[in-house]
Amino acid sequence: QVQLQESGPGLVKPSQTLSLTCTVSGGSISSGGYYWSWIRQHPGKGLEWIGYIYYSGSTYYNPSLKSRVTISVDTSKNQFSLKLSSVTAADTAVYYCARGGSSGYSKYYFDYWGQGTLVTVSS
Amino acid sequence: DIQLTQSPSFLSASVGDRVTITCRASQGISSYLAWYQQKPGKAPKLLIYAASTLQSGVPSRFSGSGSGTEFTLTISSLQPEDFATYYCQQLNSYPPSTFGQGTRLEIK
């Protein structure tokens, strides 16, 4: 059974960089076959896809966040990470990591999710 | 950008009821649509993908249909564990993945 677990600071100051890590267990990122995404949910609101990474390091970001987002992978630790720069209060949200399918549109069918971590942007 | 509009936004129903949630896309998205269920404090759960394909392990009382711009999620006989918020998600257009605003299903 694949499990994902987000970790990182729950409080970030405005203008700083939000950094989160997703640790995957029950399956190897480096075995390929899946795309690994970050998704966020503003309090009481809907869901927003942030971007994905493949084990090779290939990435694709939501154009609305692209200038501030970096997603990276560490296959030796079976982890992938999110960095979001120049944060404001509008970036306060629950951040989820999730697994997508292997190709085409299935990259965006998220069948396994972490439990989510709330990140608050405040001074 | 493609907009997804779910209706209703809020639905009150009883155990055993048949309920239908609609998701309309502002442009045609073929069958590139998924449905998720989210309970308070939990991550979303994939129910249906490709508009009508049931995800492994999801009860058969859930079904999806539609293509183009109009899609539906139907629960044939509501169970107590089905009360949750439901989201549709499109995968066909730029940006590559967006979600509807959600439909909150509550017990009458």
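Proteins get letters first, then strands, A, B, ... in listed order; numbering begins at 1 in each.
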Next item on the list: Return the option, out of B/P44, B/G102, B/A34, with the maximum number of heavy-atom pairs under 4.5 Å with chain A.
Entry: B/P44
Item checked: Residue pair A/R68 / A/D91, side-chain heavy-atom distance below 4.5 Å -> yes
Check: Do A/Y108 and B/Y32 have ring centroids that are under 6.0 Å from one another?
Finding: no
Check: With only heavy atoms counted, which part of B/Y87 is less than 4.5 Å from chain A, the side chain, the backbone, both or neither?
Finding: side chain
Note to self: Quick check on B/S31 against chain A: is it the side chain, the backbone, both or neither that has a heavy atom closer than 4.5 Å?
What the structure shows: backbone
Note to self: Angle between ring planes, A/W113 versus B/Y36, binned at 30° and 60°: parallel, tilted or perpendicular?
What the structure shows: perpendicular
Check: Does NZ or CZ of B/R104 fall inside the cone over B/F10's six-membered ring, less than 6.0 Å from its centre and within 45° of the axis?
Finding: no
Notebook entry, point to check: Where on A/F110 is there a heavy atom nearer than 4.5 Å to chain B: the side chain, the backbone, both, or neither?
Noted result: both
Item checked: Proximal component of A/K45, with respect to chain B [non-hydrogen, under 4.5 Å] -> backbone
Checklist line | A/Y61 six-ring face occupied by A/K66 cation (under 6.0 Å, within 45°) | finding: no
Notebook entry, point to check: Is it the side chain or the backbone of B/L33 that comes within 4.5 Å of chain A heavy atoms, both, or neither?
Noted result: backbone
